[in-house]
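To start, the structure itself, in structure tokens.
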Amino acid sequence: MGTRNKKSISSLQTVCAILALSLGAGACGDDSDNKGDSGVVITLPDGGTHTPLDSGVGSIDSGPVGLSDGGDAGPVTSQPTACVAKPDCTCTPATSVEFLNSCTTATCYPFDNTARIPGFTGTLPPLQ
Amino acid sequence: MTSSPLRHPRKTRGRTLKYACIAALGVACVSAAASSASAQAPVDCTTLPNPIFGIGGSAATNLIGRVAVHLAGATPPITVVYIDPGACNAMTGLVPNGATPVKSLAALSTTYSYWLPTDAVGKPHQCSFPSGDTTTADWGAMAQLPGTCAGTVLPSDVGDFVGPITGISLFVPNASQQRSISAEAVYYIYGLGVGTGHDVAPWTVPAAIASRSTSSAAGILLALAAGLPTNRPLLGTDTKKNQQSIDYVTSTSPAAVMTPEAALGFASTETVDANRDKVRTLAFKAQGQNCAYPPDTDLTGTNSTDKKNLREGRYFLWNPHHFYAKVDPTTKQVVNPNLAKFINYVTSKEELPTSTAADKTPTFLDLQIANGNIPQCAMRVTRTGDMGPLSSFQPDKSCGCYFDFKTTGSTSCKPCSANSDCPASAPSCNVGYCEVK
């Protein structure tokens, strides 16, 4: 077999192989990381209901705990007891705001707008 | 000396191999072309058995698919055909725009999804409408009212049917340290924009912010919750669909992948829940709220799936799925009997049919819960309008205890077989547990 024929055959075989691979190629899967939650939990001393650290516009929270962003304190939870209404929450909500702030043993996570939003005064600025 | 007509044996073998390969290559090419042609030629949607054609948002797609496999395996079968280019397309597909009639489904999309009884969640088949086909939509799905779509008003021949509750979640990659966000922060990030001098740390990298247009339910509802106008695009990168927002902050955005602390997105809560191995819902502090709450009692652990805060009104970002269907203008009944059944199933008016579906979820109640939705019967609050004010809600037949059991594995409610098993304080035996009503 001549050299030129060997090269031609080899090229064709390569093309055939490439074509075969392209016809049989499948998708690869992907790996997903599963990163756990490493938040800090603070238990209140009074129990029964939570006492949010951020009580509204212009309030000051108790400072960052274990977070690198220098923003809000960690989550707040309480002991599971019967609901005890306090000024900052109600056990029998009737209005929309009361539902949002209803007493609960659920964990809440403070977000202080004044500390986190530069220049925040309580009024939303106009959109550009 | 003249050349002999006889060929050299080695040259002959070489040519034979050469021609054989060419022939094989040709056969392979022809086979590939034929295979490719058949793979590229989708089924004609109009030829499917008893089809009902829908269009709308992606938040409901998995829920629709779960119902669709049951209907495809029913006797007789009903084929649910659906495409999810965005919520307000439900209105585009159903409601004429002034004197302009609705567009045909062939004009609205090149391919549609449909499900067979053996299909897994999120793995539909594809069909299309022939060129020039004039079939229009029978129904639409979106998680908000028509007025949010350029002021659309429903005509008398389109009805609004309310389905399960869907949450909206702002989320971050699991590598992020962030746990909470406020409505005001959302206003700054998605309204004023990142990198414009109004940055809310750590979300300060514009290319790490996933967003959606305000023709999507998620975009519209978040805008309403943050005090942003719904006729103005939310800033950030529009990812087009719920799952693609997840993908954006975890893989497709180099900026988000490089700086997960700066990454932020939003999507339906059921989509975020299905991706808990990658992302985490942020607790949300609504306007007028003292503290930020996640949809569940906790972000992690046993009570991280109970949706208690959403059900009781402390998590603000939720709305019901709406299914819009062609109805008789006088009776307001769904005209298409197969569509009527579908609407009855997704609004819990009728139980799922007996089916050969591979998915053996026995009831629509279980199917909603499995999908990450909240059935109306598990809610303790309702609301007026999209992201509207909250008020107390007592379902006609509560299922909160059952919902707690299915999502957390336990409930404090008393098990029962009949009302006679229940105390006076919770006299109604619903789905195996004593409820107040």
Side-chain angles (χ1 to χ4, degrees), chain A residues 1-2 5-6 8-9 12-13 15-16 19-20 22-23 30 32-39 50 52-57 67-72 74-77 88-89 93-102 104-111 113 116-120 124-125 127-128, chain B residues 10-11 13-15 17-18 21-22 24-25 28-29 32 35 174-175 177-182 184-185 187-188 191-192 196 198-202 227-229 232 251 261 277-278 280 283 285-286 288-294 297-300 303 308-309 312-314 316 381 389-392:
Chain A
M1 184 184 301
N5 278 348
K6 282 185 183 176
S8 298
I9 292 168
L12 283 168
Q13 287 173 334
V15 172
C16 288
L19 184 64
S22 67
L23 290 175
D30 65 327
S32 297
D33 291 331
N34 185 359
K35 301 208 172 21
D37 178 5
S38 57
H50 80 274
L53 299 181
D54 177 2
S55 59
V57 172
L67 298 176
S68 60
D69 64 348
D72 304 285
V76 176
T77 189
D88 57 352
C89 68
T95 67
S96 191
V97 171
E98 287 177 349
F99 277 108
L100 291 172
N101 297 306
S102 59
T104 178
T105 57
T107 305
C108 84
Y109 297 78
F111 191 95
N113 285 328
R116 295 291 298 272
I117 304 174
F120 184 73
L124 295 174
L127 299 173
Q128 283 126 30
Chain B
R10 284 186 183 174
K11 287 183 180 177
R13 281 201 297 274
R15 287 201 186 91
L17 180 60
K18 172 182 172 181
C21 189
I22 291 172
L25 195 65
C29 287
S35 172
N174 283 339
Q177 297 295 307
Q178 298 306 302
R179 297 288 182 274
S180 61
I181 195 168
S182 70
E184 291 81 0
Y187 181 96
Y188 273 71
L192 295 173
T196 60
H198 301 281
D199 287 358
V200 180
L228 289 165
R232 185 179 186 276
S251 59
E261 195 70 12
D277 58 334
K278 303 173 190 170
R280 178 176 65 251
K285 189 174 86 167
Q289 195 166 25
N290 295 338
C291 198
Y293 288 92
T297 297
D298 291 311
L299 283 175
T300 56
N303 294 323
K308 194 64 81 74
N309 290 326
E312 295 180 356
R314 284 177 298 277
F316 190 73
V381 291
L390 303 167
S391 58
S392 182

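Every chain is numbered from 1 and lettered A, B, ... according to where its sequence line falls, protein lines coming before strand lines. All values below were derived from every heavy atom in this structure, side-chain atoms included, with hydrogens, water molecules and symmetry-related copies excluded.
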Ignoring hydrogens and angles, tell me if any N or O in the side chain of B/Tyr187 forms a donor-acceptor pair with the backbone of A/Pro125 under 3.5 Å.
->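 Yes: the side chain of B/Tyr187 pairs with the backbone of A/Pro125.
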Do any N or O atoms from the side chain of B/Asn290 and from the backbone of A/Asn101 form a donor-acceptor pair under 3.5 angstrom?
->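 No, because the side chain of B/Asn290 does not come within donor-acceptor range (under 3.5 Å) of the backbone of A/Asn101.
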Relative to chain A, which segment of [X] carries a heavy atom at a distance below 4.5 Å: side chain, backbone, both, or neither?
X	value
B/Ala286	side chain
B/Val200	both
B/Ala283	side chain
B/Asn303	neither

Under a 4.5 Å heavy-atom cutoff, which of B/Pro294, B/Gly313, B/Gly191, B/Gly227 has the most pairs with chain A?
->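 Highest number of heavy-atom pairs under 4.5 Å: B/Gly313.
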Taking every heavy-atom pair that is under 4.5 Å apart, which of B/Ser251, B/Pro229, B/Ala185 has the most such pairs with chain A?
->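 Highest number of heavy-atom pairs under 4.5 Å: B/Ala185.
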Over all atoms of both residues, closest heavy-atom pair of B/Phe316 and A/Leu100 |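 Nearest heavy atoms, B/Phe316 then A/Leu100: CD1-CD2, 3.7 Å.
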Rounded to the nearest 0.5 Å, how far apart are CZ of A/Phe120 and CD of B/Glu184?
->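 It comes to 4.5 Å.
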Atom CZ of A/Arg116 and atom NZ of B/Lys285: how far apart are they, to the nearest 0.5 Å?
->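 Rounded to the nearest 0.5 Å, the CZ-NZ separation comes to 10.5 Å.
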